[in-house]
Amino acid sequence: MGMLSLPGFLSCGKKKDFNLTNEKDAHSSDSDENAERGNWSSKGDYLLSMVGYAVGLGNVWRFPYLTYQNGGGAFLIPYTLMLALAGLPLFFMECSLGQFASLGPVSVWRILPLFQGVGITMVIISAFVTIYYNVIIAYALYYLFASFQKVLPWSDCFSWADEFCSKTRIVNDCNATLGGEIIRANFSVITSHNLTCINGTINYKPVQFPSEQYWNKVALQRSSGLDETGRIVWYLALCLLLSWIIVAAALFKGIKSSGKVVYFTALFPYVILLILLVRGATLEGALDGIEYYIGRQSNITKLMEAEVWKDAATQIFYSLSVAWGGLVALSSYNKFHNNCYSDAILVCVTNCVTSVFAGFAIFSILGHMAFVSERPVSEVVDSGFDLAFVAYPEALSKLPVSPLWSFLFFFMLLLLGLDSQFASIETLTTTIQDISPKVMKKLRVPVTLGLCAVLFLLGLICVTQAGIYWVNLIDHFCAGWGILISAVLEIIGIVYIYGGNRFIEDIEMMIGKKSCLFWMWWRVCWFFVTPALLMAILIWSLITFSRPTYGSVSYPNWGTAVGWCMIIFCVIWIPIVAIVKILKAEGSLVEVREKKPTLITSNLNFFGIIRTICAFFSDTSTTLTCFSTGFLDQNIISGSYIKVASILPCFDEKIKSNSLGVHTYTPFKRDFFHQFCCYSSSFKFCEEFLLLSIPI
């Protein structure tokens with residue numbers, strides 16, 4: 001039948017030539033529902049990969065500090081609300097989208113080609129992040145190897161330290177009573193006269209812990225700023241190479257290999273966290289640290305501050321890894337009828353519980369550090385790099401058998417980082433798989449190795465003496481606004497253009513029919529609450545933007561300009577792709593709007609093709625296995641959905657009865673780019689076709 005000519009940006013795809021090859025991707029196995037792309041070997045592979053992707057370094061080094069800073073236990077109130085209103089709805093949406101389409105973050109936008117640039121932005125940002133994220137893993141590897149010493153190299157002020165290095169606070173001057181008068185003098189004068197400092201008048205010298213100087217002077221060999229690139233730090237470069245080798249080895253067979261690795265990398269960090277918590281709870285001062293974290297030091301009045309709610313929303317958004325493309329990519333390898341709803345709930349709850357649990361392990365040991373160094377907990381608490389590579393290593397160095405605890409901690413950081421890195425690289429390879437499946441069938445291992453090699457070379461700038469400034473710069477720009485912009489456009493495109501109700505019908509095709517009451521919460525979030533929260537976070541971030549800094553070091557103007565260029569390069573594809581799609585479209589928007597609702601049926605002569613194939617066989621008992629990789633609302637033979645393979649015997653009565661070889665489909669509720677395949681023991685063919693029902 002003839003096809004109505006539609007603007008390209010509204011159509012879902014174009015008919016392609018038959019594919020007569022019977023090659024099967026090494027990514028798939030005989031038991032896979034989707035023989036072309038492959039599926040997860042088991043539900044556990046998928047769930048642990050998702051948990052590993054969501055639970056990352058931020059759960060350990062950012063959430064505990066935010067909780068302490070924003071009112072302690074009171075912070076869990078906005079955190080939980082933001083999970084329900086923003087994090088979980090987006091997470092469920094992306095999991096459903098990827099599973100339904102069986103496509104990665106770029107190709108999935110065949111449902112709305114005008115927004116395909118959103119997927120490209122997600123993939124480019126993921127690529128930027130993988131560059132510096134593996135550098136952080138390299139830091140963890142370096143400290144892991146440094147822990148194999150009887151005395152930790154940052155446990156004291158050794159030869160690399162300067163005069164400001166000290167394990168304890170040093171008094172500079174204070175007030176004392178001399179001859180009935182109160183005087184202020186240097187501490188050397190006070191001690192020489194056997195005087196005692198008056199409480200509350202002591203002024204301490206600005207000193208640094210040994211771990212802080214070790215981090216800057218030895219591990220990083222940090223230069224004075226971005227202007228001073230310096231040389232490549234060779235041992236960090238080797239650690240970076242090793243981290244990329246680990247990633248490539250885990251992904252050389254795609255999800256079939258990474259799905260097995262995550263059983264260790266996703267689960268063992270929980271064992272280490274439990275060990276650290278038990279050890280920390282037995283230390284003096286541990287209770288003080290926990291009180292600051294989530295105990296009696298909690299400040300409920302903090303909830304009156306808008307900054308607290310913004311921090312809660314931002315932490316949930318980034319912690320769950322939504323809008324990075326990884327959730328869509330990982331979910332695209334699910335079987336069609338997998339219960340993505342329960343998966344989303346389980347992974348989100350696991351992620352948040354892990355954050356809270358990690359805080360107890362962190363603050364119990366920091367409390368002991370404050371006790372030993374005779375400082376308040378507030379002076380030893382930090383976040384980010386300063387927590388992971390300064391404060392916590394310093395605390396661990398004060399424990400008996402400190403190398404063991406140091407090894408466990410950095411091994412945990414390594415595993416947490418690798419999990420997230422696996423999913424990020426899988427996002428990139430999935431995109432390549434969707435764009436060029438034939439290349440990935442034959443060259444999956446070389447493509448994966450080549451991708452890792454290129455990203456390793458790009459990351460070498462981050463292991464120079466100015467490397468930490470580059471890591472901070474990429475994180476400041478790329479891992480911020482670009483993701484928020486992608487998330488806002490993603491939810492607008494799916495809910496308001498593709499159609500929120502249509503999307504719900506798609507989900508019900510996978511998980512079964514649900515009541516209106518079940519969907520009420522999701523409709524409220526998807527249509528109103530979640531987009532509003534995302535827009536609020538984006539606008540707030542733009543208003544409160546500040547130039548990047550690392551500690552007290554400011555970035556030069558050209559460094560800030562490079563940051564802007566990176567984020568522009570990430571998001572520029574959104575308008576570019578939209579403009580290209582419109583320019584390539586046939587007809588005009590006005591012409592399209594003037595057309596009346598029309599049912600468009602496929603030009604695929606389904607029964608005629610089956611009969612033609614069967615004619616090649618002299619034995620009428622030959623059977624063909626037929627399946628689809630797109631999704632129809634009705635199976636054109638049995639009335640059920642075509643997703644799993646179905647066996648069609650040659651010269652079946654239903655086929656012979658249609659002598660004209662033409663089948664008119666009943667109206668469909670949705671449109672989708674669809675591929676129908678049949679194969680026997682000797683050959684296989686596929687035809688991609690368009691099946692639309694578009695009210696205009």
Side-chain angles (χ1 to χ4, degrees), residues 40 42-67 76 79-80 83 87-88 91 133 136-137 140-141 143-144 147 243 246-247 250 258-283 286 289-290 293-294 315-316 318-321 326-327 330 342-366 383 387-388 392-393 395-396 399 404-424:
W40 293 101
S42 68
K43 182 69 169 280
D45 293 8
Y46 168 67
L47 286 177
L48 289 177
S49 295
M50 292 287 278
V51 169
Y53 184 42
V55 177
L57 297 172
N59 297 73
V60 173
W61 75 18
R62 179 169 168 79
F63 174 82
Y65 178 76
L66 281 180
T67 303
L76 297 182
Y79 183 73
T80 304
L83 168 66
L88 187 54
F91 197 95
Y133 206 80
I136 300 174
I137 296 174
L141 276 171
Y143 272 81
L144 182 71
S147 300
S243 65
I246 295 172
V247 171
S258 66
K260 304 307 176 188
V261 175
V262 293
Y263 278 90
F264 177 74
T265 58
L267 292 177
F268 198 67
Y270 289 95
V271 177
I272 299 177
L273 273 177
L274 181 60
I275 294 172
L276 291 175
L277 175 59
V278 172
R279 181 67 183 101
T282 63
L283 299 172
I290 293 174
Y293 169 52
I294 208 168
Q315 175 62 19
I316 276 289
Y318 291 114
S319 177
L320 292 176
S321 301
L327 299 180
L330 295 178
S342 62
D343 293 347
I345 299 289
L346 178 61
V347 174
C348 288
V349 171
T350 300
N351 173 76
C352 295
V353 171
T354 302
S355 297
V356 177
F357 180 64
F360 285 101
I362 296 296
F363 269 82
S364 61
I365 293 182
L366 289 181
S383 66
L387 172 64
Y392 210 73
L396 294 174
L399 301 180
L404 171 62
W405 306 113
S406 178
F407 167 80
L408 288 174
F409 175 71
F410 288 110
F411 190 52
M412 179 187 68
L413 290 188
L414 172 65
L415 297 181
L416 289 173
L418 286 175
D419 279 336
S420 299
Q421 192 74 342
F422 292 160
S424 297

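The first residue of the sequence shown is numbered 1, and numbering continues consecutively from there.
- The nearest pair of heavy atoms linking A361 to L276 is CB-CB, 4.4 Å.
- Nearest heavy-atom pair across A286 and G280 is CB-O, 3.0 Å.
- Residues F63 and V356 meet the side-chain proximity criterion, which asks for heavy atoms closer than 4.5 Å.
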* To do: Tell me, with the steps shown, if L418 and I246 meet side chain to side chain contact (heavy atoms under 4.5 Å, CB included).
  => CA-CA 8 Å; L418 286 175; I246 295 172; 3.9 Å; yes
* Please lay out, stage by stage, how W40 and L330 fare under the test side chain to side chain contact (heavy atoms under 4.5 Å, CB included). => CA-CA 9 Å; W40 293 101; L330 295 178; 3.8 Å; yes
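- For the side-chain contact (heavy atoms from CB on, under 4.5 Å) test with I316, the passing option among T80, L83, N351 is L83; the others fail.
- In this structure, Y392 and L413 have side chains that are not in contact, with every pair of non-hydrogen atoms separated by 4.5 Å or more.
- Annotation for F91 and L320: closest pair CE1-O, 3.6 Å, computed over non-hydrogen atoms.
- Scanning both residues, N59 and S355, for their nearest heavy atoms gives ND2-OG, 2.7 Å.
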* Apply side chain to side chain contact (heavy atoms under 4.5 Å, CB included) to S424 and Y133, showing your working. => CA-CA 10 Å; S424 297; Y133 206 80; over 6 Å; no
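- At least one side-chain heavy atom of F410 sits under 4.5 Å from a side-chain heavy atom of P393.
- Contact of the L273 side chain with the F360 side chain is not registered, since no non-hydrogen atoms from C-beta on lie closer than 4.5 Å.
- Contact detail for L396 and S406: the closest heavy-atom pair is CD1-CA, 3.9 Å.
- T67 OG1 to Y79 OH: the interatomic distance, rounded to the nearest 0.5 Å, is 8.0 Å.
- Atom CD1 of I365 and atom CG of L283 lie 6.5 Å apart (nearest 0.5 Å).
- The shortest distance between side-chain heavy atoms of V262 and D45 does not fall below 4.5 Å.
- Side-chain atoms of P269 and M412, non-hydrogen and from C-beta on, do get closer than 4.5 Å to each other.
- The side-chain heavy atoms of V347 and Y53, taken from C-beta on, include no pair separated by under 4.5 Å.
- Annotation: the span from I137 atom CD1 to L57 atom CG amounts to 7.0 Å, rounded to 0.5 Å.
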* **side chain to side chain contact (heavy atoms under 4.5 Å, CB included) between T350 and M50, intermediate numbers included** => CA-CA 10 Å; T350 300; M50 292 287 278; over 6 Å; no
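- Atom-to-atom distance recorded for R62:CZ and L387:CG is 12.0 Å, nearest 0.5 angstrom.
- In this structure, CD1 in I362 is found 11.0 Å from CZ in F357, a value given to the nearest 0.5 Å.
- Contact detail for G259 and S49: the closest heavy-atom pair is CA-OG, 4.4 Å.
- Defined by atom type and a distance below 3.5 Å, a donor-acceptor pair is missing between the side-chain atoms of Y293 and S364.
- Between L76 and I294, some side-chain heavy-atom pair lies under the 4.5 Å cut-off.
- To the nearest 0.5 Å, the span separating CG on L408 from CZ on R279 amounts to 12.0 Å.
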